[in-house]
Amino acid sequence: MFKDKKVVFSGVQPSGSLTIGNYLGAIKNFNAFSEEYHCLYCVVNEHAITVRQNPAELRKRTYETLALYMACGLDPEKNTLFVQSHVPAHAELGWILDCYTMFGELSRMTQFKDKSAKNADNINAGLFTYPTLMAADILLYQTEMVPVGVDQKQHLELARDIAERFNGIYGDTFVVPEGYIPPATAKIMSLAEPTKKMSKSDENENAVVRILDPRDAIIRKFKRAVTDSGNEIRRGEGKDGIENLMSIYGAFSGKTMEEIETEFAGMGYGDFKLAVGETCADALAPVQAEFDRLMKDKAYLETVMKNGADQANYMASRTMSKVRRKIGFVEIK
Ligand code: ATP
Ligand code: LTN
């Protein structure tokens with residue numbers, strides 16, 4: 001099924017209920033690669049524990065994230081869908097790559113700085129070395145392409161640097177991956193603070209629209225979205241809030257920014273916000289219905305996890321043998 005295809009890899013943390021930022025910036029774009037590439041989409045639960053998680057919640061969100069992948073259109077027959085902790089090679093390669101990653105490089109990562117500021121009482125070593133584990137996720141499968149939101153660009157560049165460094169020392173071992181960052185929806189902003197990224201772990205529920213939010217909540221959140229004191233639906237200086245709503249509306253309706261400006265010329269913010277809310281809720285309704293159906297069948301989700309883990313473990317074992325041999329680790333049969 002996947003033979004000789006180039007590899008796409010991406011991951012989402014089961015660290016909260018997924019937002020329309022995760023959907024538009026990442027998951028929605030995953031579908032586009034399924035025909036041409038061998039795609040691996042991972043629920044990265046080992047990344048999620050860099051921030052303290054409640055065990056029952058983490059378990060539940062792991063099923064939910066997998067079900068959401070499928071509800072967003074990813075067919076487990078055409079993609080390898082799996083959970084990170086089912087493939088021990090991620091942690092193993094993560095450790096090895098830690099030894100080829102510099103303290104200074106990790107210190108420059110902006111996500112580390114942001115998350116340490118938010119979790120000042122738990123700045124653990126895993127939070128610091130998170131990008132090396134992410135590099136391991138990617139390099140383990142000889143990945144060519146990584147679809148992510150723009151917030152992951154710096155981590156991706158580090159993964160490339162680590163691959164090149166390792167290849168430079170030991171000869172060709174890893175494919176050096178490229179990022180795919182969607183042009184229009186690379187960074188969906190918070191509805192409460194439109195200069196900040198919409199993030200699933202945001203404490204302010206009004207700042208985020210979740211894929212699974214009920215229709216009335218979606219419409220209410222967009223109605224409350226922070227904008228500016230003007231009244232024109234257009235892009236421009238100081239119009240971050242409106243511009244963000246335009247990007248969201250554009251992504252769900254397929255319209256360009258110019259078309260949106262024309263469509264809403266002369267109309268007020270209230271009408272526009274209602275249109276954004278309704279369009280978003282309409283687009284998410286079928287995803288929600290499919291999610292509900294999938295979540296009723298845990299046994300099926302576990303079969304998908306198991307099959308995905310088998311495929312991923314097989315691919316990972318090939319890279320790991322190569323890596324161990326190159327480094328000088330003794331292998332026993
Ligand atoms: P957390 O709040 O726990 O850090 P997150 O919402 O940032 O989570 P991740 O699981 O870290 O989500 O990211 C999954 C994918 O979604 C990544 O590819 C990331 O780039 C993308 N993504 C996350 N938030 C946004 C956003 N606001 N706009 C576009 N893409 C996003
Ligand atoms: N670091 C990412 C999630 C992630 C990922 C990956 C994305 C972990 N491993 C590998 C792409 C490829 C995040 O925080 N959004």
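Throughout, residue positions are numbered sequentially from 1 according to the sequence presented. Here the structure is a predicted model, which means the values were calculated and not measured. For ligands, and for the atoms within them, numbers begin at 1 and follow the listed sequence.
Of the listed residues (Asp151, Val148, Asp114), the one carrying the non-hydrogen atom nearest atom 19 (C) of ligand 1 is Asp151.
Looking at Gln13 next to ligand 2, an N or O pair under 3.5 Å apart turns up. Between Gln152 and ligand 2, an N or O atom pair is found at a separation short of 3.5 Å. Ligand 2 has no nitrogen or oxygen under 3.5 angstrom from a nitrogen or oxygen of Asp151.
Within ligand 1, the atoms closer than 4.0 Å to a non-hydrogen atom of Gly25 are 29 (C), 30 (N), numbered from 1 in the order shown. Annotation for ligand 1: atoms under 4.0 Å from non-hydrogen atoms of Ser201 are 1 (P), 2 (O), 3 (O). Close approach of ligand 1 to Ser199 is summarised as follows: ligand atoms under 4.0 Å from at least one heavy atom of the residue are 1 (P), 2 (O), 6 (O). Remark: ligand 1 atoms within the under-4.0 Å shell around heavy atoms of Lys115 are 1 (P), 3 (O), 4 (O).
With a 4.0 Å cut-off on non-hydrogen atoms, Ala48 does not touch ligand 1 at all. The proximity of Leu133 to ligand 2, defined as any non-hydrogen pair under 4.0 Å, does not occur for either the backbone or the side chain. Residue Ser15 touches ligand 1 through its side chain alone, judged by heavy-atom distances below 4.0 Å. Contacts between Ile188 and ligand 1 below 4.0 angstrom, taking non-hydrogen atoms only, involve backbone and side chain alike.
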Candidate pair Phe252 and Leu24, rule side chain to side chain contact (heavy atoms under 4.5 Å, CB included), full reasoning: CA-CA 9 Å; Phe252 283 119; Leu24 299 176; 3.9 Å; yes

Evaluate the criterion side chain to side chain donor-acceptor pair (under 3.5 Å) for residue pair Glu46 and His90; output intermediate values, then yes/no. CA-CA 9 Å; Glu46 291 171 344; His90 287 254; 5.4 Å; no

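Taking 4.0 Å as the cut-off between side-chain N and carboxylate O, Glu157 and Arg108 do not count as a salt-bridged pair. Glu36 has no carboxylate O lying under 4.0 Å from a charged side-chain N of Lys6, or vice versa, which leaves the two without a salt bridge. Look at Asp310 and Lys306 and you find a salt bridge, because one of the NZ, NE, NH1 or NH2 atoms lies within 4.0 Å of a carboxylate O, short of that distance.
Within 6.0 Å of CD in Glu331 there are more than 12 heavy atoms belonging to other residues, nucleotides or ligands.
Judged by distance alone, the side chains of Asn45 and Ser85 do bring a donor and an acceptor atom under 3.5 Å apart.
Given atom 9 (N) of ligand 2, the protein heavy atom at minimum distance is Asp137 OD2, 2.7 Å. The protein heavy-atom contact nearest to atom 14 (O) of ligand 2 is Tyr130 OH, 2.4 Å.
Contact annotation: Thr185 has at least one heavy atom less than 4.0 Å from an atom of ligand 1.
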